[in-house]
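Each chain gets a letter, A, B and so on, in the order the sequences are listed, and its residues count up from 1. Worth knowing before you read on, the calculation uses all heavy atoms, side chains too, and leaves out hydrogens, waters and symmetry mates.
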Protein chains: 12
Amino acid sequence: MTVVRSTLSEEALGVTGTALQETLVDLLGLSLVGKQAHWNIVGPRFRSIHLQLDEVVETARAHSDTVAERAAALGVPPDGRPETVAATFALPGAKSGWLRDTEVVELTVAALGAAIGRLRERIKATEQADPVTQDLLISITADLEKQRWMFEAENRAGDAG
Amino acid sequence: MTVVRSTLSEEALGVTGTALQETLVDLLGLSLVGKQAHWNIVGPRFRSIHLQLDEVVETARAHSDTVAERAAALGVPPDGRPETVAATFALPGAKSGWLRDTEVVELTVAALGAAIGRLRERIKATEQADPVTQDLLISITADLEKQRWMFEAENRAGDAG
Amino acid sequence: MTVVRSTLSEEALGVTGTALQETLVDLLGLSLVGKQAHWNIVGPRFRSIHLQLDEVVETARAHSDTVAERAAALGVPPDGRPETVAATFALPGAKSGWLRDTEVVELTVAALGAAIGRLRERIKATEQADPVTQDLLISITADLEKQRWMFEAENRAGDAG
Amino acid sequence: MTVVRSTLSEEALGVTGTALQETLVDLLGLSLVGKQAHWNIVGPRFRSIHLQLDEVVETARAHSDTVAERAAALGVPPDGRPETVAATFALPGAKSGWLRDTEVVELTVAALGAAIGRLRERIKATEQADPVTQDLLISITADLEKQRWMFEAENRAGDAG
Amino acid sequence: MTVVRSTLSEEALGVTGTALQETLVDLLGLSLVGKQAHWNIVGPRFRSIHLQLDEVVETARAHSDTVAERAAALGVPPDGRPETVAATFALPGAKSGWLRDTEVVELTVAALGAAIGRLRERIKATEQADPVTQDLLISITADLEKQRWMFEAENRAGDAG
Amino acid sequence: MTVVRSTLSEEALGVTGTALQETLVDLLGLSLVGKQAHWNIVGPRFRSIHLQLDEVVETARAHSDTVAERAAALGVPPDGRPETVAATFALPGAKSGWLRDTEVVELTVAALGAAIGRLRERIKATEQADPVTQDLLISITADLEKQRWMFEAENRAGDAG
Amino acid sequence: MTVVRSTLSEEALGVTGTALQETLVDLLGLSLVGKQAHWNIVGPRFRSIHLQLDEVVETARAHSDTVAERAAALGVPPDGRPETVAATFALPGAKSGWLRDTEVVELTVAALGAAIGRLRERIKATEQADPVTQDLLISITADLEKQRWMFEAENRAGDAG
Amino acid sequence: MTVVRSTLSEEALGVTGTALQETLVDLLGLSLVGKQAHWNIVGPRFRSIHLQLDEVVETARAHSDTVAERAAALGVPPDGRPETVAATFALPGAKSGWLRDTEVVELTVAALGAAIGRLRERIKATEQADPVTQDLLISITADLEKQRWMFEAENRAGDAG
Amino acid sequence: MTVVRSTLSEEALGVTGTALQETLVDLLGLSLVGKQAHWNIVGPRFRSIHLQLDEVVETARAHSDTVAERAAALGVPPDGRPETVAATFALPGAKSGWLRDTEVVELTVAALGAAIGRLRERIKATEQADPVTQDLLISITADLEKQRWMFEAENRAGDAG
Amino acid sequence: MTVVRSTLSEEALGVTGTALQETLVDLLGLSLVGKQAHWNIVGPRFRSIHLQLDEVVETARAHSDTVAERAAALGVPPDGRPETVAATFALPGAKSGWLRDTEVVELTVAALGAAIGRLRERIKATEQADPVTQDLLISITADLEKQRWMFEAENRAGDAG
Amino acid sequence: MTVVRSTLSEEALGVTGTALQETLVDLLGLSLVGKQAHWNIVGPRFRSIHLQLDEVVETARAHSDTVAERAAALGVPPDGRPETVAATFALPGAKSGWLRDTEVVELTVAALGAAIGRLRERIKATEQADPVTQDLLISITADLEKQRWMFEAENRAGDAG
Amino acid sequence: MTVVRSTLSEEALGVTGTALQETLVDLLGLSLVGKQAHWNIVGPRFRSIHLQLDEVVETARAHSDTVAERAAALGVPPDGRPETVAATFALPGAKSGWLRDTEVVELTVAALGAAIGRLRERIKATEQADPVTQDLLISITADLEKQRWMFEAENRAGDAG
């Protein structure tokens with residue numbers, strides 16, 4: 001069924017649709033894992049990181065909406081259902097129960113780092129296929145790289161000097 | 001490990017913790033399914049229901065945060081990870097791909113109806129265990145019943161008169 | 001005709017529906033009488049009470065909307081038509097023409113007091129029937145009791161000391 | 001009793017006072033009927049018209065306040081009590097119970113149309129008596145004619161082409 | 001010197017220019033007298049009337065700006081200099097020193113009443129000369145009549161009943 | 001085809017409809033010419049007039065919307081298509097390319113002056129036909145006359161003294 | 001002297017009045033102790049906890065106002081004078097002088113914990129006496145339990161894992 | 001005449017200037033046609049699409065300003081005069097008179113689709129000539145593709161399933 | 001223990017620290033007494049003074065925060081604990097129970113007057129010791145003198161004329 | 001009659017009261033003259049100076065209110081009546097009729113300069129009499145000196161280099 | 001020391017880091033020079049350019065923050081210290097003392113022009129190295145080119161026609 | 001060249017001008033060093049201090065603007081160019097590269113402490129020369145002393161108890 005007619009060639013659409021669907025799952029997963037850490041974190045940096053995680057969640061939620069609507073705009077129905085997110089989420093997740101603040105920082109650096117690596121590949125993949133989608137992926141990468149830096153800077157004091 | 005000491009008895013805590021964890025999954029699932037429908041809906045009522053679904057999502061997200069933080073406040077670590085949501089979500093979900101507007105309305109009425117039924121049981125269960133949690137569940141029920149009415153009124157024109 | 005299916009039993013619905021319909025009329029009537037006094041008040045406390053009455057009206061209007069939508073959400077069509085309000089309004093009303101400020105204060109204390117007495121009965125009546133509706137009636141009572149206190153304090157200087 | 005001294009002649013005051021009192025009842029009645037439809041509407045256009053009706057109610061409430069205060073400013077105590085509204089409301093009203101969306105649109109067009117016809121007569125009647133009141137009635141007419149158009153355009157698709 | 005060319009005939013311009021200049025002085029004078037009373041009022045209604053006078057001042061200032069700019073727009077340089085206001089202000093003023101609250105209310109009713117009487121004459125005078133200016137004078141009259149009512153209602157309690 | 005039924009007589013509707021359609025084209029044309037000058041102006045007063053032109057454009061756009069919706073409300077479909085605006089726009093326009101700031105001021109005074117002259121005729125024409133439309137035209141004239149004054153005052157320094 | 005007439009029975013009023021007065025003192029005391037810690041805290045978590053304490057103070061102040069006005073609304077004059085607060089404040093307080101951040105966290109957990117224990121007893125005590133007051137106490141408890149969790153999570157990192 | 005010196009080579013400037021001028025006309029035309037439909041639409045989806053069209057107009061107006069100012073910034077005077085828009089507008093337009101809601105949806109999908117096709121070519125054309133302009137064209141395309149999807153989803157219900 | 005090193009000499013610090021600590025207690029006491037009156041006032045000026053007292057409380061709270069943080073900034077730990085406020089508060093306080101509006105006005109004039117007298121001495125005392133602290137005390141005095149005037153003007157009608 | 005009791009000695013009050021009354025007249029006069037120039041300015045810098053004058057007027061109005069209320073707070077009834085302002089205004093004023101932009105700049109520099117000179121003397125005079133009033137006069141001087149600089153910089157281009 | 005691990009290759013990081021560091025210095029320098037001109041400008045266009053320069057400063061400050069944080073996010077510590085800015089700032093600066101408005105416009109055009117030229121080279125240099133950084137540089141260029149146009153248009157009136 | 005004529009004597013102007021120029025450089029330097037630390041900080045308190053530094057920068061920037069404009073208002077052209085700031089900045093600066101959070105806190109305490117010491121001398125120096133400038137320096141000192149306290153309290157936990 002073709003509901004929304006795409007302006008891209010079939011091939012370009014394939015590449016772009018895959019990039020968007022994968023990014024959607026990464027972002028929805030990040031928003032759930034970010035909230036999980038936001039709720040379960042314990043330790044002397046509780047408040048500071050509890051608040052910072054909400055910025056990650058806010059970023060992930062806002063971009064997930066744009067990404068899904070971009071897929072729809074190209075004629076590819078996005079899939080963000082719980083079962084799809086759980087089955088295809090490929091970033092590091094959280095263990096159950098309370099999480100020490102240090103663990104949370106490490107987890108977030110790792111999850112954001114993995115998400116960024118995947119986004120960088122999709123930026124290359126969509127360059128020819130759809131520069132409009134590529135531009136969106138670039139914005140998401142910029143935001144996640146900023147978030148990762150802030151968690152990494154928080155974690156790496158030992159290396160300084 | 002006891003990180004946050006509860007003010008409830010063990011038994012009351014058991015009842016309350018279960019009610020909150022189940023409600024958390026219902027609300028996170030609703031927020032994902034609501035977004036799924038928000039993105040994939042097609043049909044002459046697209047804009048109207050597209051916007052209304054964002055109110056459902058907004059309601060579900062806001063309450064999920066309060067519910068999870070209430071669990072934490074009682075000493076029960078909440079679990080809202082993707083795998084947990086997917087494994088324990090018990091409300092009607094969405095099929096993949098584009099969704100007709102009429103299907104979306106029916107699905108939303110059904111999902112909200114099921115969520116409300118489960119909440120009403122938890123309101124009874126927590127009455128003795130923790131009136132503070134019960135009060136929160138009552139607020140969530142009020143909001144979801146309002147949302148369900150608006151979708152049901154939208155869907156039932158044929159019965160009128 | 002059943003347009004919106006209720007989640008309550010027939011009996012509970014009967015109790016709750018009646019409580020909500022009567023509350024709706026009380027609040028719509030209060031909003032009209034409050035405005036009547038707001039426009040017709042004369043005397044040295046004109047401005048002070050003219051403004052305070054708008055808070056009563058604002059409170060009554062906001063709650064009337066919530067009450068009517070709660071009735072609809074339970075499957076009971078609310079009735080707030082002019083003829084229904086006039087026929088079933090049971091609180092003290094205003095005489096026509098200009099109203100002295102002292103009269104207005106007395107009238108408002110009386111009208112709010114009557115409304116509160118009726119609400120307290122409905123709070124008891126709905127406790128088993130529908131705790132969600134009960135919670136709404138409790139909120140309305142809290143607001144009207146606050147308003148009544150402020151008018152009563154304004155009126156009772158003579159008793160002080 | 002003369003509380004507020006008018007700046008108009010007795011005759012001009014008679015004409016103007018009547019025009020304002022009748023307009024007050026029309027607007028209060030419209031606000032109640034508009035809310036009635038806002039709460040009881042069912043059908044596929046539920047959300048769209050539910051929201052649009054609140055604009056009608058908002059318009060009617062805001063103008064009713066200005067109209068009543070204008071009467072008071074001229075020395076004529078306005079009468080907006082429930083019994084007065086019910087007894088003198090002369091526009092088409094709503095039947096009790098759920099209302100199909102198509103019925104609501106027709107009802108609103110009819111009620112606004114009748115209100116506009118009455119206002120146009122009062123615009124003529126007050127031209128000599130009080131141009132300040134006339135100017136107010138012109139503003140109300142402009143707003144109600146805009147609202148009527150939007151409901152009529154919604155209802156008349158069949159005639160198009 | 002003709003700086004801004006008027007779109008009106010010489011005669012119409014004469015009538016309109018005079019009406020605007022006189023209104024400007026009335027409004028600037030009212031704003032100064034209103035502030036004088038705002039600062040010097042004493043008595044049990046101090047706060048209530050102190051605040052209400054600022055609404056009169058705000059109204060007078062806003063309209064004085066519109067009136068002066070309308071004169072300029074028609075090619076008539078407006079004159080709102082201290083010496084002009086003092087020399088041509090024709091409304092009741094305030095005595096020096098503290099003012100009892102009852103005096104203030106009477107003074108404000110008198111000053112607003114005189115201003116309204118003069119405005120009503122200018123509304124007639126400008127009807128043919130310039131309906132755009134007339135419309136502005138009508139708006140000012142409506143606002144001042146509302147203010148006068150509120151002070152008069154405050155002052156006339158003794159007549160009520 | 002009659003989609004929206006008018007409350008005016010055929011003749012009154014003819015006069016009013018023409019007045020509104022012509023005003024619509026004047027305002028849409030003004031908004032386009034105003035933007036053209038906003039973008040192409042050069043000279044030492046660039047910033048000052050660049051900003052002032054946006055106020056003209058903002059005014060013209062807002063009024064064009066009200067005028068078109070008023071036509072629709074009376075049952076006359078408004079026509080603001082590019083080809084209609086180009087074909088029937090009767091005010092002075094702009095030449096292509098960069099525009100000196102002095103040219104821009106002269107052009108704007110001329111265009112606004114012509115628009116005002118045409119509006120003043122329509123104010124007369126609609127007085128009997130439809131006082132509601134007349135009131136709208138009066139408001140537009142007031143705003144454009146204010147704008148014209150500000151440009152004319154900017155341009156006429158040489159005449160001062 | 002009876003200034004404001006209560007709607008409760010004497011006995012219910014006794015229970016409710018005591019609950020409200022005690023809660024008032026707890027909240028006013030908390031707001032003073034919270035500010036004391038806000039000003040005197042030192043240590044590496046200064047900024048984080050300095051800001052978090054202002055949320056506790058804000059919460060305590062807002063609820064103290066509602067609690068005192070609820071007492072007044074029931075006819076019980078609330079007592080929040082310095083001497084009363086000092087004499088009847090029963091929660092853990094602060095020592096004078098600078099406070100280490102770790103001490104502040106422990107103190108806040110202890111003070112909030114004690115306040116919550118007392119509130120839970122009053123929730124039970126007022127259930128029959130006045131469900132409106134009970135509902136208010138439930139809201140306060142929910143807020144304080146959320147605050148306590150955030151300080152406890154901050155303090156208990158050592159237990160995690 | 002060279003007023004603003006460009007930072008681009010003559011050839012790059014030629015390509016970029018043409019792309020911007022054509023985009024300007026497309027966007028100004030879209031804003032006029034969008035308003036035309038906003039005013040003339042009739043049918044059961046009147047309100048929904050009436051509001052959605054204003055988002056298209058808002059988007060088109062905002063981007064037209066940026067595009068014209070970008071042309072000026074590069075030294076190319078933009079041309080958005082009525083006669084230029086009418087003469088060079090190349091997207092599907094609207095017929096005169098009332099427009100059924102279904103027609104409006106089709107028209108908007110077609111107009112946006114044509115605009116997008118033209119923008120995609122200009123994105124390619126400006127890649128080497130001026131990546132800053134290309135980035136702007138990419139943003140416009142993203143916004144118009146989102147708008148087109150929402151109208152297309154609204155129109156294509158029949159294909160779903 | 002010296003936590004924060006002061007920039008003042010020991011002697012200057014002694015003078016300044018005492019001035020700030022005494023001011024802190026005055027302001028915290030005023031905020032508690034102001035609220036006490038806000039809650040317990042009865043009489044015909046209830047609303048007017050109830051609202052005005054909240055401005056006193058707001059002023060006192062805001063300045064108490066600045067004063068305490070200034071003490072801390074100079075290295076003097078401020079003491080605002082309940083027991084300290086109760087033990088060292090030296091301004092007129094309130095009796096328990098309901099307070100007539102006339103009593104409240106007198107009490108507030110007296111309390112503010114005493115606070116001002118003490119502040120004026122501290123302004124002199126800190127002139128040489130610390131002009132930065134002196135400037136803060138001057139601001140507080142200006143605000144309290146404004147508040148005192150408004151209550152005194154309210155109370156002294158009898159003397160007027 | 002002593003309505004508001006001053007906290008100052010008779011002598012200090014004399015000095016301070018005179019300083020405040022003179023400042024009040026300067027500021028009210030400035031606000032009237034500033035508006036006069038705002039309305040009557042013509043020339044190529046019309047818009048720029050028209051807007052800047054409103055900042056002068058806004059500053060003068062805000063400070064005049066504070067100054068008058070400070071006089072009242074000290075027990076000195078302020079006098080800002082039109083006749084007083086006209087009789088005692090001692091700064092350079094404006095001639096009637098249109099004013100060239102260059103004249104306006106010179107006038108404003110001169111009027112602000114004279115006001116500042118007078119304020120500087122009052123700052124000295126009140127240093128011992130009332131440091132609270134002195135602090136207020138210092139703030140006014142700072143604001144007027146900033147305004148004067150901006151007009152002087154605008155006027156003195158010829159001297160630059 | 002490697003504190004933040006980059007996701008780029010060493011070579012790409014070298015190119016990108018250099019581009020960001022140079023851009024940072026350009027922007028910080030521009031913000032200081034822009035403020036210098038904002039403070040020291042004299043001449044008849046004082047206000048207009050004084051305000052416009054603050055937009056340049058605002059733009060430069062906002063982008064400098066993003067650029068520095070992007071460098072940090074890639075693992076390159078940004079250097080914006082006074083000595084670094086002074087030593088490596090390569091754009092045209094300002095002479096000391098007052099600056100004529102014409103000089104300021106020329107200086108700003110020159111400084112922005114030089115900055116743009118350097119940015120365009122970095123856009124090319126980073127295309128392969130890091131498209132995320134390139135996208136940021138494109139945005140900065142777009143903003144600076146818009147600013148340069150506005151100053152150039154202001155300066156080049158002589159060439160027009 | 002004398003562009004802006006000062007109201008101060010030559011000698012007073014010399015003292016004041018020097019105080020303002022030195023303060024300007026201190027504040028601009030602080031704002032650059034504060035941003036440097038904001039970007040380069042690493043360690044477990046990253047987020048907390050990263051945010052707090054932006055408050056220092058915001059304070060420094062806002063005051064630098066006021067200080068520079070005050071110099072200009074007195075006729076002294078302020079010098080805030082990069083080369084001047086680098087050459088005359090006399091506070092402790094930052095080393096290049098990443099900075100541990102503990103280092104940042106120490107650096108900020110030291111830099112603020114040095115700035116405060118210098119400001120305190122200028123407060124004395126300007127007391128006779130210009131009390132208006134002195135008042136500005138007092139405000140800046142108050143703000144910087146508050147900032148210094150917050151960093152010092154953060155750093156000195158070890159001394160507490």
Side-chain angles (χ1 to χ4, degrees), chain E residues 1-4 20-21 24-43 46 50 53-54 57-58 61 64-73 75-100 107, chain J residues 1-4 20-21 24-43 46 50 53-54 57-58 61 64-73 75-100 107:
Chain E
M1 177 186 83
T2 307
V3 171
V4 178
L20 288 166
Q21 174 62 32
L24 176 61
V25 170
D26 285 1
L27 292 169
L28 289 174
L30 265 178
S31 77
L32 290 166
V33 171
K35 272 292 182 193
Q36 178 75 4
H38 172 81
W39 297 322
N40 284 286
I41 184 172
V42 293
F46 167 81
H50 177 74
L53 284 163
D54 251 2
V57 171
E58 197 49 54
R61 281 182 178 171
S64 71
D65 210 52
T66 312
V67 160
E69 293 189 354
R70 172 112 204 106
V76 181
D79 190 346
R81 297 172 300 159
E83 55 271 32
T84 307
V85 176
T88 63
F89 184 55
L91 307 178
K95 66 178 175 61
S96 71
W98 306 116
L99 298 163
R100 285 176 197 275
L107 163 64
Chain J
M1 177 187 84
T2 306
V3 171
V4 178
L20 288 165
Q21 174 61 32
L24 177 62
V25 169
D26 284 1
L27 292 169
L28 290 173
L30 264 178
S31 77
L32 289 166
V33 171
K35 272 291 182 192
Q36 178 75 5
H38 172 81
W39 297 323
N40 285 285
I41 184 173
V42 292
F46 167 81
H50 177 75
L53 285 163
D54 251 2
V57 171
E58 197 48 56
R61 280 182 178 170
S64 71
D65 209 53
T66 311
V67 161
E69 293 188 355
R70 172 112 203 107
V76 180
D79 191 346
R81 297 171 300 159
E83 55 271 33
T84 308
V85 176
T88 62
F89 184 56
L91 307 178
K95 66 178 176 60
S96 70
W98 306 115
L99 297 163
R100 286 175 196 274
L107 164 64

Using non-hydrogen atoms and a 4.5 Å limit, figure out which bit of J:Leu24 sits close to chain E: side chain, backbone, both or neither.
-> side chain
Can you see which heavy atom on E:Asn40 is nearest to which on J:Pro78, and at what distance?
-> ND2-O, 2.9 Å
Highest number of heavy-atom pairs under 4.5 Å with chain J among E:Arg61, E:His38, E:Glu69 belongs to E:Arg61
Across all chains, not counting sequence neighbours, the side-chain contact (heavy atoms from CB on, under 4.5 Å) partners of E:Leu91 are E:Asp26, E:Leu30, E:Phe89, E:Ala114, E:Ala115, E:Arg118
For E:Arg81 and J:Ala94, indicate whether the former's side chain and the latter's backbone hold a donor-acceptor pair under 3.5 Å.
-> yes
How long is the gap from CG on E:Leu28 to NZ on J:Lys35, to the nearest 0.5 Å?
-> 9.5 Å
Determine the option with the most heavy-atom pairs under 4.5 angstrom with chain E, choosing from J:Gly93, J:Ala68, J:Ala87.
-> J:Ala68
Between J:Asp79 (side chain) and E:Gly97 (backbone), is there a donor-acceptor pair under 3.5 Å?
-> no
Measuring from E:Leu32:CG to J:Ser31:OG, what's the distance to the nearest 0.5 Å?
-> 7.0 Å
Closest-packed option against chain E by number of heavy-atom pairs under 4.5 Å, given J:Ala71, J:Ser64, J:Pro77 = J:Pro77
For side-chain contact (heavy atoms from CB on, under 4.5 Å), just list the numbers for E:Val85 and J:Val85, CA-CA rounded to whole Å, side-chain angles, deciding distance to a tenth of an Å, and then say yes or no.
-> CA-CA 10 Å; E:Val85 176; J:Val85 176; over 6 Å; no
Under 3.5 Å: donor-acceptor pair, side chain of J:Glu83, backbone of E:Ala86 = no
